[in-house]
Amino acid sequence: MPSKSDPRPIGVFDSGIGGLTVASALSKVLPGEQLIYFGDTVHLPYGEKSAAAIRSYASGIGKFFIAQNCKAVVIACNTASAVATRTMTKLLTSKIPVINVIDPTANFVAAQYKTGKIGVIATKATVNSRIYAKRIEKKNPNLKVTMLATPLLVSMVEEGFFNNNISQAIINAYLEKSNLRDIQALILGCTHFPLIKKEVSGYYKGKTRVIDSSELVAEFTKAVLAKNNILNGGKAAAHRFYVSDLTTSFTESTHIFFGKKVKLSAKNLWD
Ligand code: DGL
């Protein structure tokens, strides 16, 4: 099939700033693509909500992306990926591919490690879904996946409260838990956590690999766009950022990842 150029944007969403780690990797791997980011700060943290509530937030955001003429949607949130991928796929139909952050990471880990124990830190909702254990152990039954809910880390990151002694002590207190003992690798199973990767890696002193899914997801998205023949060959229009409630920490984080000139607007889809 001759390749055409598709300038339509890619919708990317999370409950807050976490998905910016994925958006940033997407903009590096796919510099020709325009992103429309939605941070659902009104409903943050998703990790504490019921699956039904998260699905209804995801539906609202999916409808917004349809109205924005998005050609693909990246669920840049493990919690929403765990409980709302099916809802989103159904809503967007096969015409708009949906990429979640869990499958590319689970596939990578299942292929990379032969046997042993893999740790995952994530929100309560992601841990309750057991999604990483199900996906990885199904692909590679010789691996054992152990998941730990680390809810305090989301609010810490969202507040910009990290890289200090207290945040390191909180991180250490979680990582010391017995079910994370003797792991070969630790998956950062929440898109907020790449922002504290340095502190997590510091705890392991380089002896345990810490896996950040943002690049894997960006490469996977590129492959999906290529397969569907919807890559943009031309120059990308400027990214747009929306939040359901504009917060100072979101504004600051957007500037850190994308520079000061970004267009950031408040848009409460539930008003
Ligand atoms: N960043 C999200 C995740 O990857 C969710 C954090 C939250 O809202 O609880 O799970």
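Both ligands and their constituent atoms are indexed starting at 1 by order of listing. All of these numbers come straight from a predicted model, not from anything done at the bench. Scope of the values below: all heavy atoms of this structure, side chains included, with no hydrogens, waters or symmetry mates.
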[atom1] of [X]: more than 12 outside heavy atoms within 6.0 angstrom?
{"X": "K222", "atom1": "NZ", "result": "no"}
{"X": "E215", "atom1": "CD", "result": "no"}
{"X": "N164", "atom1": "CG", "result": "yes"}

Cluster link [X] to [Y], ILVMFWY, side chain under 4.5 Å:
{"X": "V120", "Y": "Y46", "result": "no"}
{"X": "I36", "Y": "L264", "result": "no"}
{"X": "V22", "Y": "I17", "result": "yes"}

By number and element, which atoms of ligand 1 are closer than 4.0 Å to a non-hydrogen atom of [X]?
{"X": "T123", "answer": "6 (C), 9 (O), 10 (O)"}
{"X": "T79", "answer": "3 (C), 5 (C), 10 (O)"}
{"X": "G47", "answer": "7 (C), 8 (O), 9 (O)"}
{"X": "D14", "answer": "1 (N), 2 (C), 5 (C)"}
{"X": "S15", "answer": "5 (C), 6 (C), 7 (C), 8 (O)"}
{"X": "V154", "answer": "6 (C), 7 (C), 9 (O)"}

of all protein heavy atoms, closest to atom 1 (N) of ligand 1 is H192 ND1, 2.7 Å

Of all protein heavy atoms, the one nearest atom 7 (C) of ligand 1 is Y46 N, 3.3 Å

Short N or O distance, T191 and ligand 1, threshold 3.5 Å exclusive
yes

Ring-plane angle category for F65 and F13, please: parallel below 30°, perpendicular beyond 60°, tilted otherwise.
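Tilted: the ring planes of F65 and F13 meet at 30° to 60°.
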
Any donor-acceptor N/O pair, S249 side chain to E158 backbone, under 3.5 Å:
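The answer is yes, because a donor-acceptor pair under 3.5 Å joins these two groups.
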
With heavy atoms and a 4.0 Å threshold, my read on which part of C190 contacts ligand 1 is both

- Considering only heavy atoms, does N78 approach ligand 1 within less than 4.0 Å through its side chain, its backbone, both, or neither?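 N78 to ligand 1: contacts from backbone and side chain alike.
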
